[in-house]
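First up is the structure itself, then whatever we jot down about it.
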Amino acid sequence: MRIQHCLRSMVVALGVASAALVSPACSKSPQITAESIEDNWALTEQHEPGSVVMTVAQDGQVTALVKDRDGKPIEADVSGNVSVKVPGKGGAPMNAALVPEPKSGGVLLAKLPPLEDDLTEVSYELKVKGEPFKGVLHVPRGGTRELQESAREHQTTQLDGTKGPSGGVLQQVGDDIVEIVADKESGDLRVYVLDLNLKPVAIGEREIKLAIQTASGPDVIVLAPGPDRLYFTGKLNVKVNPTKITVVLKEGGHTHVVLCGYRPGAVIVVGPSAPVIGILVATTWAVKVDVKPTVVVHDDDDDGRVIVIHKHKHKGKGKGKWHWK
């Protein structure tokens, strides 16, 4: 009897221990909370009544958090949805409801199709205690994480406030510096590729498109090569300075996407109080473009390196293509 009693006590003790081990798994904690969402590659857009913190992942997972004017997360009376225009597929945008994540402190979740194009338009529409929060994000294939990583890569580049040769806005995209400028009378749009001295050079085999946000809404402009491939050209549908520009540049099998003027951790002001990006200027397009080709001379020692000679007498050695930093 004593042995049976001991065995029964051991079984009870093991059962209690097993329950203790299983219990935490049953109450699964949210992966992203109100405290951690900004550390997960989120973008923050500032509206009049508050802000929206949002991430869009490559697999289509969306997380969102609404904050009040004092920066405190709002958990109650928040509802809304996100929608996406799937590239290459016609019809109405695909919508997904934003559903509250339990125990997250106000985080909302939605699932969209995976990001497959170099640029995808994601819209959100929220209602918070009766106040509307509406916005649009243009995200690359890597989602908001790719935009944040691009911003971190170029955060030491000092181009803020510097005007290009045509008076336009400058932005580093990958290893290139581009100037975005439009004629304020006609709305004709040009994008120049500049060297380190901010002098225009031929665009080569590059491809560029811009996602432009104005008070009238978003617009994606695929730019065409200009005469002799000296610059890119396009047309603004609305002749006003935009509040956001997302640049997509393709070259040599690589695609670079940046949010113009964005710095890591910055808050993007949207709505009526959003500052504009001054690309509209009075111009006669009298810009000289350096069209002389790069001369490449191989080393005599056959070590696989090359000497690259540019027009401005810069020289450098390196494997493959040379980029001036």
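We number each residue from 1, following the sequence as shown.
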Would you confirm whether T144, through its side chain, and W41, through its main-chain N or O, come within 3.5 Å as a donor-acceptor pair? yes

Establish whether I221 and I279 are linked, either directly or via other cluster members, by ILVMFWY side-chain heavy-atom contacts under 4.5 Å. yes

Residue pair S186 / D183, side-chain donor-acceptor N/O under 3.5 Å: yes

hydrophobic_cluster_shared for V248 and V56, side chain cutoff 4.5 Å: yes

Supply the atom-to-atom distance N95 CG to E125 CD, rounded to the nearest 0.5 angstrom. 9.0 Å

Counting heavy atoms not belonging to K163, are there more than 12 under 6.0 Å from its NZ? yes

Give me the atom names and distance for the closest heavy-atom approach of V281 to G167. CG1-O, 3.4 Å

Check the pair L126, V52 against side chain to side chain contact (heavy atoms under 4.5 Å, CB included), reporting the backbone distance first and the verdict last. CA-CA 9 Å; L126 292 156; V52 175; 4.0 Å; yes

Side chain of N81, backbone of A96: donor and acceptor closer than 3.5 Å? no

Check whether any side-chain N or O of N40 sits under 3.5 Å from a backbone N or O of S36 as a donor-acceptor pair, and report yes or no. yes

Check Q171, Q148, K244 against Y262 for a side-chain hydrogen bond (donor to acceptor under 3.5 Å, both in side chains) and give me the one that passes. Q148

Between E146 and V257, is the side chain to side chain contact (heavy atoms under 4.5 Å, CB included) condition met? List the steps. CA-CA 8 Å; E146 185 175 337; V257 185; 4.1 Å; yes

So, D195 side chain and N197 main chain: donor-acceptor pair closer than 3.5 Å or not? yes

How is the hydrophobic cluster of V240 composed, in terms of its other members, when Ile, Leu, Val, Met, Phe, Trp and Tyr link through side-chain heavy atoms under 4.5 Å apart, directly or indirectly? V238

Taking the side chain as C-beta and beyond, is there a heavy-atom pair between S83 and M94 under 4.5 Å? no

Measure across R206 and R229 and return the closest heavy-atom pair with its distance rounded to 0.1 Å. O-NH2, 3.7 Å

Is it true that a side-chain atom of E38 and a backbone atom of A42 form a donor plus acceptor pair closer than 3.5 Å? no

Atom CD of E48 and atom CD of Q46: how far apart are they, to the nearest 0.5 Å? 8.0 Å

If you round to the nearest 0.5 Å, how far is CZ of R145 from CD of E149? 5.0 Å

Heavy atoms, side chains only, cut-off 4.5 Å: are H47 and V269 in contact? no

Dump the intermediate steps for side chain to side chain contact (heavy atoms under 4.5 Å, CB included) on L236 and L280, then the final yes or no. CA-CA 10 Å; L236 292 176; L280 286 171; 3.8 Å; yes

Would you give the length of the straight line joining atom OG1 of T33 to atom CG of L65, rounded to the nearest 0.5 angstrom? 9.0 Å

Could you check whether any side-chain heavy atom of V193 comes within less than 4.5 Å of a side-chain heavy atom of I177, counting everything from C-beta outward? no

Has Q61 got a side-chain atom pairing as donor or acceptor with T63's backbone, closer than 3.5 angstrom? no

May I have the step-by-step check of side-chain hydrogen bond (donor to acceptor under 3.5 Å, both in side chains) for E45 and S51, ending in yes or no? CA-CA 6 Å; E45 294 203 330; S51 60; over 6 Å; no

Nearest heavy-atom approach of V122 to V139 is CG2-CG2, 4.0 Å

Flag the pair M54 / L43 as yes when at least one side-chain heavy-atom distance between them is below 4.5 Å, and no otherwise. no

Would you say that L230 contacts P200 through its side chain, given a criterion of any heavy-atom pair below 4.5 Å between the two side chains? no

Under the salt bridge (Lys or Arg N to Asp or Glu O under 4.0 Å) criterion, do K127 and E131 qualify, and how do the steps go? CA-CA 5 Å; K127 187 164 287 188; E131 293 280 0; over 6 Å; no

Around atom NZ of K111, are there more than 12 heavy atoms of other residues, nucleotides or ligands at under 6.0 Å? yes

Are I32 and L137 connected, step by step, through hydrophobic side chains (Ile, Leu, Val, Met, Phe, Trp, Tyr) whose heavy atoms are closer than 4.5 Å? no

When rounded to the nearest 0.5 Å, the distance separating CD1 of I268 from CG of L259 is 5.0 Å

Heavy-atom closest pair, residues E121 and H138: OE1-NE2, 3.2 Å

Does the pair D117/R141 count as a salt bridge with the N-to-O cut at 4.0 Å? no

E101 backbone acceptor or donor facing S104 side chain under 3.5 Å: yes

Could you walk me through whether V178 and Y192 pass the side chain to side chain contact (heavy atoms under 4.5 Å, CB included) check? CA-CA 5 Å; V178 300; Y192 291 92; over 6 Å; no

For A64 against L98, the heavy-atom pair lying closest together: CB-CD2, 4.3 Å

Is it true that L198 and Y231 fall in one hydrophobic cluster, defined by side-chain heavy atoms closer than 4.5 Å? yes

Which residues satisfy the side chain to side chain contact (heavy atoms under 4.5 Å, CB included) test with L210, sequence neighbours excluded? I180, L189, V191, I208, I212, L223, I245, V247

Using the rule that Ile, Leu, Val, Met, Phe, Trp and Tyr join whenever any side-chain heavy atoms are under 4.5 Å apart, tell me whether V53 and V270 fall into a single cluster. no

May I ask you to test the C260-T246 pair for a side-chain heavy-atom distance under 4.5 Å? no

Before accepting this row, confirm whether a basic side-chain N of the pair K209/D118 lies closer than 4.0 Å to the acidic partner's carboxylate O. yes

Just verifying a value: how many Å separate E179 CD and T162 OG1, rounded to the nearest 0.5 Å? 11.5 Å

Please give me the minimum heavy-atom distance between L109 and V107, naming the atom from each residue. CD2-CG1, 4.0 Å

Short question: side chain of D68, backbone of D70 - any donor-acceptor pair under 3.5 Å? yes

Please answer whether the main-chain N or O of Q213 pairs with a side-chain N or O of T243 as donor and acceptor at a distance below 3.5 Å. yes

